[in-house]
2 protein chains.
Amino acid sequence: MNDFEQCPTEGAIGLLSLLITRGRLAEARLDGSLAAAGLTFVKWRALDALIKSETATGLTVLADKLNCVKSNVTQLVDKLEAEGIVRRVPDPGDRRGTLVELTGAGRGLHKAGRDALENATRQLFASFDEDAMASLRRLLILL
Amino acid sequence: MNDFEQCPTEGAIGLLSLLITRGRLAEARLDGSLAAAGLTFVKWRALDALIKSETATGLTVLADKLNCVKSNVTQLVDKLEAEGIVRRVPDPGDRRGTLVELTGAGRGLHKAGRDALENATRQLFASFDEDAMASLRRLLILL
DNA sequence: CATTTATAATTCAATAGTGTACTATTAACT
DNA sequence: AGTTAATAGTACACTATTGAATTATAAATG
């Protein structure tokens, strides 16, 4: 009995159901792979966004990149800051603004997290070839 | 600037990121379409599982069908029962057990919900043809 | 310049979901 | 039968996320 049979399988609603449950499953797996490092996938995505951004990043921009609301980022950054992973610095050009930057520890954790994620990802996509992954990406973007 | 560009786009991790965010997005849309009926997609899936099951359903079985933990179902059924959508009845064959069954109101709500969902689903899959939907289903099942 | 409008971030209350511990009951095994 | 192990459901504390209200600052406009 695989998970597929536990979902409504008929029609488009069943397909969305499958998408949603598979997304949750994937997130749970990734969270599991990051737990040893004290991270979650959401936290890691925040670090990843920070490391990839050319310029220092304000909280609103970060919320956009993480597809969540500002108040969520406020609390996420609270935690990351308490853990010494990021640092808040005032935006020199806008006294309302706060910029977030990685600490050295944060940079190390991002790297460790990426390694863990690459492992977990290989397992999740064990039965995918390059074509299947490209197809999945193309289809998801259509949504 | 579409959502795709807000996700890490590289490699397998990016693809999982895309899957997770698209799943969340889809759920939010479906929840929105059901809000007028006082439902969420999770609630509707519970009703759907109940309506489709041949025999009366215990909470543990329901938890399996909804891919969540038992305590979650306890609380979900608490709410549904308070709203008059389902009813708890003792399992005649096992004094530990509780079975859940739909009320008449619940049956009506399931139908109303399905109509709302079919609408929302059509919009979400606006740019999908039959082939694309079949491909997506086939790929998600591999995960 | 004064006033209105928009924006950055935070606080707080509410909701959904998880995991652990617990109670009651059933099944399994001497 | 008596003890042990497994199972059904619940209670409760904790986390993640959201949305509304609030404060401070910036931008736009009469």
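Predicted model only: the values in this text are computed from it and were never measured. Order of the sequence lines sets the chain letters (A, B, ...), proteins ahead of strands, with each chain counted from 1.
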### Task
Keeping the roles fixed (side chain from A:Ser17, backbone from A:Ile13), state whether a donor-acceptor pair exists under 3.5 Å.
no
### Query
Parallel, tilted or perpendicular: which fits the ring planes of B:Phe128 and B:Phe125, with parallel below 30° and perpendicular above 60°?
perpendicular
### Task
Show the numbers, then the answer: is there a side-chain contact (heavy atoms from CB on, under 4.5 Å) between B:Ile20 and A:Leu30?
CA-CA 11 Å; B:Ile20 291 166; A:Leu30 298 185; 4.1 Å; yes
### Query
Under 3.5 Å, is there a donor-acceptor pair between the side chain of A:Trp44 and the main chain of A:Leu39?
no
### Task
Please state how far atom CG in A:Leu59 lies from atom P in D:dT25, giving the value in whole angstrom units.
16 Å
### Electrostatic pair A:Arg95-A:Asp91, nearest N-O below 4.0 angstrom
no
### Task
Determine, for nucleotides 17-23 of chain C in 5'-to-3' order, which nucleotides have protein heavy atoms under 4.0 Å from the base (write B), from only the sugar-phosphate (write S), or from neither (write -).
SBB----
### Query
Quick one: is B:Thr60 getting a side-chain N or O under 4.0 Å of the D:dG9 phosphate, OP1 or OP2?
yes
### Query
Can you tell me how far P of C:dC12 sits from CG of A:Asp78, to the nearest Å?
12 Å
### Query
Rounded to the nearest Å, what distance is computed from the CG atom of residue B:Leu39 to the P atom of nucleotide C:dT15?
16 Å
### Message
Let me confirm one number: the CG-OG1 distance from A:Leu16 to A:Thr21, rounded to the nearest 0.5 Å.
### Response
10.5 Å
### Task
Indicate yes or no for a side-chain donor-acceptor contact from A:Thr103 to the backbone of A:Gly84 under 3.5 Å, with no hydrogens or angles considered.
yes
Measure all distances between protein nitrogen or oxygen atoms and nitrogen or oxygen atoms of nucleotides 25-28 of chain C, and list the pairs falling under 3.5 Å.
unit_1, atom_1, unit_2, atom_2, d
C:dT25, O2, B:Arg96, NH1, 3.4
C:dT26, OP1, B:Arg95, N, 2.9
C:dT26, OP2, B:Arg95, NH2, 3.3

### Query
Can you tell me how far C1' of C:dA16 sits from CD1 of A:Ile20, to the nearest Å?
14 Å
### Task
Take the protein atom CG of A:Asp91 and the nucleotide atom C1' of D:dA27, then report the distance between them rounded to whole Å.
15 Å
### Query
Given atom CG of A:Leu62 and atom C1' of C:dT10, what is their separation to the nearest angstrom?
15 Å
### Message
Using a heavy-atom cut-off of 4.0 Å across all strands, would you classify B:Thr74 as base, sugar-phosphate, or nothing?
### Response
base
### Summary
Between the CZ atom in B:Arg88 and the CD atom in B:Glu81, the distance rounded to the nearest 0.5 Å is 5.0 Å
### Message
Give the residues of residues 28-36 of chain A touching DNA chain C, defined as any heavy atom closer than 4.0 Å, sorted by residue number.
### Response
none
### Between P of C:dA16 and CZ of B:Arg45, the distance in whole Å
15 Å
### Spatial distance of atom CG (A:Leu15) from atom OG1 (B:Thr121) [nearest 0.5 Å]
9.0 Å
### Task
Drop me the distance from B:Leu140's CG to A:Leu140's CG, to the nearest 0.5 angstrom.
7.0 Å
### Query
Are the side chain of B:Arg137 and the backbone of A:Gly11 linked by a donor-acceptor contact shorter than 3.5 Å?
yes
